Participant: 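My questions all concern the structure below.
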Amino acid sequence: MSSLTYSSPEIAARVTEWSSPAYDSATRQEVEALAAEGNVKELEDRFYRTLEFGTGGLRGLMGAGTNRMNKVIVSRATQGLANYVKAHAAQSDGFKPGPLRAAIAHDSRHRSREFAEAAACVLAANGIICHLSPELRPTPYLSFAVRHLGCHTGIVVTASHNPKEYNGYKVYWNDGSQVVPPHDKGIIREVNSVENDAQVLTMPFDKAVALGMIQIMGKEMDEAYIEAILQQRIDAESCRKSAVRVVYTPLHGCGGTLALTALDRWGFTHVFPEEEQMRPNGDFPT
């Protein structure tokens with residue numbers, strides 16, 4: 001790697017750092033393979049900056065590097081979020097008294113569960129109880145869980161409509177919506193202040209679960225969410241008496257985990273799921 005020439009010493013230093021034993025073997029191998037190929041262009045794109053945390057959170061290509069979505073960048077961002085929550089979770093700000101809480105959900109994209117668990121471990125190590133979805137769940141489920149559980153913040157790991165190579169990280173506030181001023185700017189400042197892993201608190205996932213700092217949301221949350229959907233009905237019998245026919249597809253995403261149950265409970269009796277696209281798949285093959 002020392003024989004490669006980069007456009008700045010900062011890039012060279014970052015490539016060297018991410019090839020060190022401080023990082024997991026998969027990360028090191030990914031960076032070292034690019035260096036062995038002499039792929040300076042790709043390495044410069046991965047390391048010329050830190051992936052920007054904006055008002056909507058993070059979004060970018062997955063891979064090793066400071067300018068990519070990976071476990072390291074997710075953990076650093078979560079530490080910044082934890083710092084902000086701990087400093088601003090005051091009862092006067094509309095928060096409920098009691099321990100700090102967060103909720104996390106994720107979609108079907110590659111590495112989404114890994115990123116969700118990494119974020120949960122950082123929150124747990126910071127003394128914030130984290131309610132984690134049992135598997136992929138739709139974004140409105142996260143918004144509901146934040147309010148239903150009295151959480152101070154929430155995270156959804158998703159890149160919405162972006163291609164399969166991308167992933168993302170969206171932050172929600174205690175009202176169940178994505179952060180808005182002044183919290184968005186405050187969180188961005190805290191995230192930007194976390195520059196290295198020495199500033200990140202984390203703990204093993206199994207230990208956090210055993211201590212009750214990570215709590216997996218179960219069927220009771222699914223039922224509460226479905227019940228909240230049913231409360232939106234104007235006429236509970238109209239759907240059952242009608243001949244409305246519904247074709248449904250989650251497009252290989254997370255909506256299929258609860259949508260058919262919700263439609264059935266609502267009263268729709270003629271629902272036709274697109275079976276192939278009901279299967280979650282981060283490659284979105286169809």
Side-chain angles (χ1 to χ4, degrees), residues 22-24 27 53 57-58 69-91 93 95-107 109 111-137 139 141-158 167-174 176 178-179 183 186-188 190-222 224:
Y23 292 80
D24 64 89
T27 296
F53 191 99
L58 294 166
M69 276 292 296
N70 52 65
K71 185 177 176 180
V72 173
I73 296 303
V74 166
S75 296
R76 291 178 183 178
T78 306
Q79 182 63 55
L81 173 62
N83 292 343
Y84 185 84
V85 170
K86 288 189 289 186
H88 293 84
Q91 193 170 347
D93 199 15
F95 293 115
K96 295 180 180 179
L100 297 177
R101 295 181 180 275
I104 301 180
H106 65 88
D107 68 5
R109 288 176 178 273
R111 304 188 70 182
S112 283
R113 185 68 184 185
E114 174 192 346
F115 296 159
E117 290 188 359
C121 290
V122 172
L123 293 175
N126 279 273
I128 300 173
I129 296 172
C130 182
H131 300 275
L132 177 64
S133 64
E135 56 177 357
L136 67 168
R137 285 291 185 272
T139 297
Y141 177 95
L142 183 280
S143 292
F144 174 79
V146 167
R147 298 191 303 273
H148 185 72
L149 297 170
C151 294
H152 302 82
T153 189
I155 299 167
V156 175
V157 179
T158 179
N167 214 326
Y169 174 110
K170 298 178 181 179
V171 176
Y172 289 68
W173 207 234
N174 67 319
Q178 284 190 253
V179 290
H183 302 302
I187 293 170
I188 290 170
E190 289 289 351
V191 169
N192 290 339
S193 72
V194 180
E195 299 178 341
N196 57 67
D197 292 341
Q199 297 172 268
V200 179
L201 299 177
T202 188
M203 64 192 306
F205 182 81
D206 291 344
K207 180 179 179 180
V209 171
L211 292 173
M213 294 305 297
I214 293 178
Q215 300 177 14
I216 307 300
M217 292 184 278
K219 291 188 179 298
E220 67 280 358
M221 182 57 69
D222 291 352

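Note that this is a predicted model, so its numbers are computed, not measured.
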Participant: Counting only heavy atoms not in Lys71, do more than 12 sit closer than 6.0 Å to its NZ atom?
Facilitator: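 Open.
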Participant: For a 4.5 angstrom cut-off between non-hydrogen side-chain atoms, does Val85 reach Leu123?
Facilitator: no
Participant: Can you check side chain to side chain contact (heavy atoms under 4.5 Å, CB included) on Val179 and Ile187, steps first, answer last?
Facilitator: CA-CA 9 Å; Val179 290; Ile187 293 170; 3.7 Å; yes
Participant: Donor-acceptor pair, His88 side chain versus Tyr84 backbone, under 3.5 Å?
Facilitator: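 It does hold such a pair.
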Participant: Search all heavy atoms of Leu142 against all heavy atoms of Val156 and return the closest pair with its distance.
Facilitator: CG-CG2, 3.4 Å
Participant: Is there a side-chain contact between Asn167 and Val74 (heavy atoms, below 4.5 Å)?
Facilitator: no
Participant: What are the two closest non-hydrogen atoms of His106 and Ala116, and how far apart are they?
Facilitator: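 Smallest heavy-atom distance, with atoms named: CD2-CB, 4.0 Å.
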Participant: To the nearest 0.5 Å, tell me how far Ile155 CD1 sits from Thr78 OG1.
Facilitator: 4.5 Å
Participant: First locate atom OG of Ser193, then atom CD of Gln199, and finally report the distance between them rounded to the nearest 0.5 Å.
Facilitator: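 So the gap between those two atoms works out to 6.5 Å.
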Participant: Locate the shortest heavy-atom distance separating Asp107 from Ser112; write the atom from each residue and the value.
Facilitator: OD1-OG, 2.6 Å
Participant: Measuring from Asp197:CG to Gln79:CD, what's the distance to the nearest 0.5 Å?
Facilitator: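 If I round to the nearest 0.5 Å, the distance is 10.5 Å.
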Participant: About how many Å separate CD1 of Ile73 and CG of Leu58, when rounded to the nearest 0.5 Å?
Facilitator: 8.0 Å
Participant: What side-chain donor-acceptor pairs closer than 3.5 Å can you find for residues 203-217, not counting sequence neighbours?
Facilitator:
residue: Gln215; atom: NE2; partner: Gly212; partner atom: O; Å: 3.0

Participant: With the side chain counted from C-beta on, respond yes when Tyr172 and Ile104 share a heavy-atom pair under 4.5 Å apart, and no when they do not.
Facilitator: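 Contact flag for Tyr172/Ile104 side chains = no.
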Participant: Any donor and acceptor pair, going by atom type alone, linking the side chain of Asn196 with main-chain N or O of Ala198 inside 3.5 Å?
Facilitator: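 Confirmed, Asn196 side chain pairs with Ala198 backbone.
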Participant: Do Asp222 and Tyr141 come within less than 4.5 Å of each other through their side chains, counting heavy atoms only?
Facilitator: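 Side chain of Asp222 against side chain of Tyr141, heavy atoms only: contact under 4.5 Å found.
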Participant: Please determine whether side chain to side chain contact (heavy atoms under 4.5 Å, CB included) holds for the pair Glu190 and Val194, giving the CA-CA distance in whole Å, both sets of side-chain angles, and the decisive distance to 0.1 Å.
Facilitator: CA-CA 7 Å; Glu190 289 289 351; Val194 180; over 6 Å; no
Participant: Which heavy atom of Trp173 sits nearest a heavy atom of Val146, and at what distance?
Facilitator: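 Result for this residue pair: O-CG1, 3.3 Å.
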Participant: With rounding to the nearest 0.5 angstrom, report the CZ to CD1 distance, Arg101 to Ile129.
Facilitator: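 Between Arg101 CZ and Ile129 CD1, I get 4.0 Å after rounding to 0.5 Å.
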Participant: Return the minimal non-hydrogen interatomic distance between Ser75 and Ala118, and the atom names on each side.
Facilitator: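 In this case the closest contact between Ser75 and Ala118 is OG-CB, 4.0 Å.
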Participant: Supply the atom-to-atom distance Thr139 OG1 to Gln178 CD, rounded to the nearest 0.5 angstrom.
Facilitator: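 If I round to the nearest 0.5 Å, the distance is 8.5 Å.
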Participant: Taking the side chain as every heavy atom from C-beta outward, state whether Val157 and Glu117 have any atom pair closer than 4.5 Å.
Facilitator: no
Participant: Considering only heavy atoms from C-beta outward, does the side chain of Asn70 approach that of Tyr23 to under 4.5 Å?
Facilitator: no
Participant: Heavy atoms, side chains only, cut-off 4.5 Å: are Ser133 and Arg113 in contact?
Facilitator: yes
